[in-house]
Amino acid sequence: MIMPATKTLPQSATEVLERAIDDAPDDDPVVLWWDDGGYLRDVVERVSQSLGCAFYAAEQTPLELREDAPREQTVWYVPQPYTDDVDWFRDVENTGGVIEQHVGKLAAHCFENDRLQAASIRTAYEDAAADDRDHVANILRQGLDGDGGLPSLQALQTKIVLDGHEDPVQFVLEHGAENLPEDAEDLLKIRDLLVDKGVTAVAGVTDGKELVRRTRRWAVAEWLVDAGLNASVLEAEYRPESRSGLGITRPELQSLLSKVGAERSVELAEIYLDPSTRFWHDVLRTHEDPWTLADCPVDASLEHELWDDWTQSFHDGEYETCATKASRRQERLESAYGDVPWTQVWAQALEVANLAHELETWEERSDTTDVVELYGDVDDGTWQIDNAVFNLIISGEPEQFLPDEHPATATLDDVRTSLTESRYLEYLSDLGDLVVDQIEAGSPFVGENYAHQFFNQEQEHLQSGQSVALFIVDALRFDLAHELAESVRRELPSLEVDETPWVGTLPSDTEFGKAALTPGGKFSFNIELDDGELIPERNGRKITNYQREQLLKDDGWNYIMQSEDQESGWGETRVAFYWNDIDKAGEEELTDFEGVFSDRIDEITRIIREKLGNNGFDRAYILADHGFVSLPQNIDIDDIHPPDEAEKVTRRWVAGKNLDEDAPGVLLDENAHLGYLDDETKISALADPIQRFRNQGLPDARFYHGGVLPQEFVLNFVTITQE
């Protein structure tokens, strides 16, 4: 039975002092208070003053108190143990009163309903070694000062034994055997406290490690039962006691995990999801449906059963079910432990399931007769597949940080690789076939928004006197532009952000894409062959980097290139900022460019948010010259010979005036309705993702553009305005 204290230390001190005064023969007595240890000085002083007594404390020796004779009711306080071998205070004993109370005795006095059991806290203080007395005294003083209510006797006993911790169960669950007291008697006290708290499995245990093992096993069983396990399958001593009464009760482990910080959560995950410590393996491996217990985030056996079941569902093609299960388990582990490898693995399992579902159903989600709409729909387009593959790759290999025994270490990499390499490549190939079919049928470019017409359509806003910023980002694929738009929405919620699909300039190379995105007045755009070179023209003149810069400046734009000087010039009314790092990184980084791109996107995101937030432009645009295709890491490139009629040869396209339908890839001419190829210029661009034209000296890069996959030419233009 838990016995709460009936009074505080100040209240007990008041009673003791009042009794001594009442029992004194003298009307204005001197009461001598001996306090072995001296921990009650502030308590005795406050109580004395509240009763109208003068208070004097001996600082060095009790004889100090005899220097001035008392003239009123007085309390003499001596922070020493009582001694009867001197007669310094015989008169006080005869005419006043003597109190011999240290903090342990006075604390026991606070439990008037259980004086016998309360003697344990007195002896705990008296028997404590000199080094431990401070610890015991502080626990008693803080526990019985009245703040926060009156504690139970058991709570004080527990704190004394457990170095200030209140709950013996949670102490053992968190700290383990290495933090248990070495003294055998103290260990037995902890054991008895555990039994009193309902951990009957430790009854009779005398070894610290066994005590911890059984307590943890009991706590895991308690949580499993709370999650839905039938308690009858457990050994009798591990069946949690039924609870009754008002209030919400939680399993002890759940309560513990809700209180500890992030660092301790990681350590506890390593304890309770450790494959070498399978608390209830025999029970869980035969449980019919492990997902009925998925709300319990402890016991590696359950974790392994859940993962094996998830893997089987994935191989059976039940991707939506897999996504639901992975999300549920990821959220549960995250709420218990935070960001730990077990959580990260389930987070990636969710991404894997979603990607597999998208790859399985992409042709069913939209009208496949319009590949621009199919890929570029901002809400439902298949650009999300590229985004999912990109994010899956940059999320790394979280299973490497799990114990080797975890089944994900043997399965997740194969699942991830099959999606990002084999099945993604099949999707790209099928999408390329769809583009070829539609181009040969006279679409998909009819009636679409063309990038080279963007500034003509935006003339009303560009000439209105508003302050405008252009962010022209080289190789900003549709999904990366969406990430930028989402970042602006999050960080600058006062701005209105719109995304619109546009058809980029073919061939989808930087030279042509940037030429098409040159703002200015009257603007006619044309691409033609000149002496075997395919060149972009504006109003009949070739557009070079220098000419583009000059045209912008002549039209009132402050031209800023990504460089050491990119911080200057942002205070102007019209600013055009060119960022080239994505394309540059893709061409130079042949292995881990997803990670490199992620860093680049973070950087351009920071720049855009900073410039929009600090300079308050009325309007801003995020534009791209082209997108790109990212191939799997392990792939055999099909090097094909360019046709003899080709005058210009690159990796993904060839150009000439005498090309015909037999040229590899798909023919772009006046029948493609692009609107900017002259009558004689023909381009044959590749749609097959693994094909490239033989071109001496170019690397087998995973990153390329210039062909006619939607990833290369369907672009996401972002418009940002002040609401």
Side-chain angles (χ1 to χ4, degrees), residues 172-178 201 209-225 227 229 233-235 238 251-254 256-257 260 262-315 322 325-326 328-350 352 396-416:
V172 173
L173 294 178
E174 179 178 0
H175 295 286
E178 61 273 15
K209 290 183 178 179
E210 181 65 12
L211 182 119
V212 170
R213 188 189 74 82
R214 292 194 183 192
T215 302
R216 287 176 170 169
R217 195 164 186 249
W218 172 89
V220 171
E222 182 191 35
W223 204 336
L224 286 169
V225 171
L229 182 71
V233 302
L234 302 171
E235 300 162 35
Y238 289 99
E252 290 282 356
L253 263 176
Q254 184 178 6
L256 170 63
L257 290 172
V260 298
E263 184 176 342
R264 293 295 295 145
S265 293
V266 173
E267 296 176 16
L268 292 173
E270 293 172 350
I271 292 172
Y272 291 100
L273 293 174
D274 179 5
S276 66
T277 311
R278 301 189 181 199
F279 298 97
W280 292 101
H281 178 64
D282 290 343
V283 169
L284 294 172
R285 70 185 178 86
T286 59
H287 192 73
E288 185 174 353
D289 181 7
W291 286 98
T292 61
L293 305 176
D295 287 335
C296 177
V298 289
D299 200 326
S301 292
L302 175 60
E303 177 72 2
H304 295 186
E305 293 295 325
L306 292 174
W307 185 265
D308 287 340
D309 181 84
W310 182 90
T311 304
Q312 184 59 53
S313 296
F314 184 87
H315 290 317
C322 285
K325 289 180 175 179
R328 176 185 175 190
R329 188 61 176 173
Q330 185 263 336
E331 289 176 1
R332 190 67 194 91
L333 292 179
E334 187 169 49
S335 67
Y337 304 112
D339 188 24
V340 296
W342 290 268
T343 308
Q344 295 163 6
V345 161
W346 283 108
Q348 191 172 94
L350 173 60
V352 162
E397 301 174 353
E399 72 277 8
Q400 290 188 345
F401 303 99
L402 289 172
D404 292 341
E405 296 87 346
H406 194 292
T409 61
T411 57
L412 184 55
D413 183 59
D414 289 342
V415 171
R416 183 176 54 238

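It should be emphasised that the depicted structure is a prediction, and the values quoted were computed from it without experimental measurement. When reading the values below, keep in mind they use all heavy atoms of this one structure, side chains included, and skip hydrogens, waters and symmetry mates.
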Does the side chain of Trp218 come under 3.5 Å of the side chain of Glu235 through a donor N or O and an acceptor N or O? no

Does Trp280 have Arg217 sitting over its ring (NZ/CZ under 6.0 Å from centre, angle to axis within 45°)? yes

Note, Tyr272 side chain near Leu173 side chain (heavy atom, < 4.5 Å): yes

Validation row: Lys325, Asp309 side chains within 4.5 angstrom (heavy atoms): yes

Does any part of the side chain of Thr292, heavy atoms only, come nearer than 4.5 Å to the side chain of His287, both counted from C-beta? yes

More than 12 non-hydrogen atoms from neighbouring residues, nucleotides or ligands closer than 6.0 Å to CD on Glu263, yes or no? no

Is there side-chain contact between Val352 and Trp310, with heavy atoms separated by less than 4.5 Å? yes

Given the side-chain rings of Trp307 and Trp346, with only the six-membered ring counted for Trp, is the space between their centroids under 6.0 Å? yes

Would His304 and Arg278 count as having a side-chain donor-acceptor pair, cut-off 3.5 Å? yes

If we only count heavy atoms from C-beta on, is the Leu256 to Leu268 side-chain gap below 4.5 Å? yes

Applying ring-ring contact (aromatic ring centres under 6.0 Å, His included) to Tyr337 and not counting sequence neighbours gives none

Under 4.0 Å between a side-chain nitrogen and a carboxylate oxygen: does that hold for Glu178 and Lys209? no

